[in-house]
Amino acid sequence: MLIADGHPLVIRGVRHLLENEPDVDLVGELSSRSQIVQGILDLKPDVAILETGVPGLCGIDLIRQLAAQAPSTFILVLSAHEERVYAQQALLAGARGYVVKRSPGEVLLQAVRAVRYGGLFLDPALAGQAPEISLPTDVESGRSGSLALSLTNRERAVVKLIAQGFTNKEVALKLGISTKSVETYRVRAGDKLDTRSRAKFTQYAMMQGWIGAGSR
């Protein structure tokens, strides 16, 4: 894990958040654009958290460059901008996640874990805008073990239906399995996606392109 931000206080806050997580290893902190590309190429972190609010530090062109030159490092954008156009531009440029700065630390941690295993993450603060955000077409083509690929066919089917608003009983009837089996698949999928929330299942399904707005 690597952090690139032009504000020392932000770096300190993110570092403090990540240091308390046993499964996260912080390998570098960068505070200037000139350091970012070379630092990522040298250190080869799984995830690089890039801040986009500082003029001249990190922009769409840099995300594009890193996506091309360091494809094994997944980019997670941390931004003060909450408009969908910024998230859309970042994701289309090659970022794997977008988190707004005002969000709780738990959201950033969830994003880190999602992006780390090849998934996409969109801050829940933008979830209501998600249907209007164009996402890359290769969502499931990341490294082996990505979140999308780690779900079994049955887990994926359950998540899709839950995301569309169906109850466990309705899902069971549609798939021809027991309600208990639905709950088992739901829990397993939740463990892999690091969530138990129906809203997060819906957000994830939309980001994978499995459902659209108003699906039911």
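- With values rounded to the nearest 0.5 angstrom, Ile75 atom CD1 is found 4.5 Å from Leu50 atom CG.
- Residues Leu161 and Glu170 are not in side-chain contact: their nearest non-hydrogen atoms beyond the backbone lie 4.5 Å or more apart.
- Judged by distance alone, the side chain of Thr179 and the main-chain N or O of Lys169 form no donor-acceptor pair under 3.5 Å.
- Once rounded to the nearest 0.5 Å, the distance linking CG of Asp191 with CZ of Arg188 reads 9.5 Å.
- In terms of heavy atoms, Arg102 sits closest to Ala125 at NH2-CB, 3.8 Å.
- Transitive grouping of hydrophobic side chains (ILVMFWY, heavy atoms separated by less than 4.5 Å) keeps Leu173 and Val182 in distinct clusters.
- For the pair Phe121 and Val107, the minimum side-chain heavy-atom distance is below 4.5 Å.
- The CD atom of Glu155 lies 11.0 Å from the CD1 atom of Ile162; values are rounded to the nearest 0.5 Å.
- Between Tyr98 atom OH and Glu82 atom CD the span is 8.5 Å, to the nearest 0.5 Å.
- Between Leu175 and Val158, some side-chain heavy-atom pair lies under the 4.5 Å cut-off.
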Starting from the C-alpha separation in whole Å, work towards a yes-or-no answer on side chain to side chain contact (heavy atoms under 4.5 Å, CB included) for Ile177 and Tyr185. CA-CA 11 Å; Ile177 58 179; Tyr185 290 125; 4.0 Å; yes
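- A 4.5 Å side-chain heavy-atom check between Ile36 and Leu66 finds at least one atom pair inside the cut-off.
- Of all the heavy atoms in Ala93 and Ala67, the pair that sits closest is O-CB, 3.9 Å.
- Among Leu91, Ile63, Asp123, the one residue that satisfies the side-chain contact (heavy atoms from CB on, under 4.5 Å) test with Val77 is Ile63.
- Using a distance-only test at 3.5 Å, with no hydrogens or angles considered, no donor-acceptor pair links the side chain of Arg116 to the main chain of Val47.
- Looking at heavy atoms from C-beta onward, Leu62 lies in side-chain contact with Val37 at the 4.5 angstrom threshold.
- Taken to the nearest 0.5 Å, the CG atom of Leu92 stands 8.5 Å off from the CD1 atom of Ile60.
- Proximity of Leu78 to Lys101: side-chain heavy atoms (C-beta onward) are separated by under 4.5 Å at one or more points.
- Remark: Leu76 CG to Leu108 CG distance equals 6.0 Å, nearest 0.5 Å.
- Within the 4.5 Å cutoff, side-chain heavy atoms of Arg186 are placed close to those of Arg198.
- Contact between Pro45 and Thr73 at its shortest, heavy atoms only, is O-OG1, 2.6 Å.
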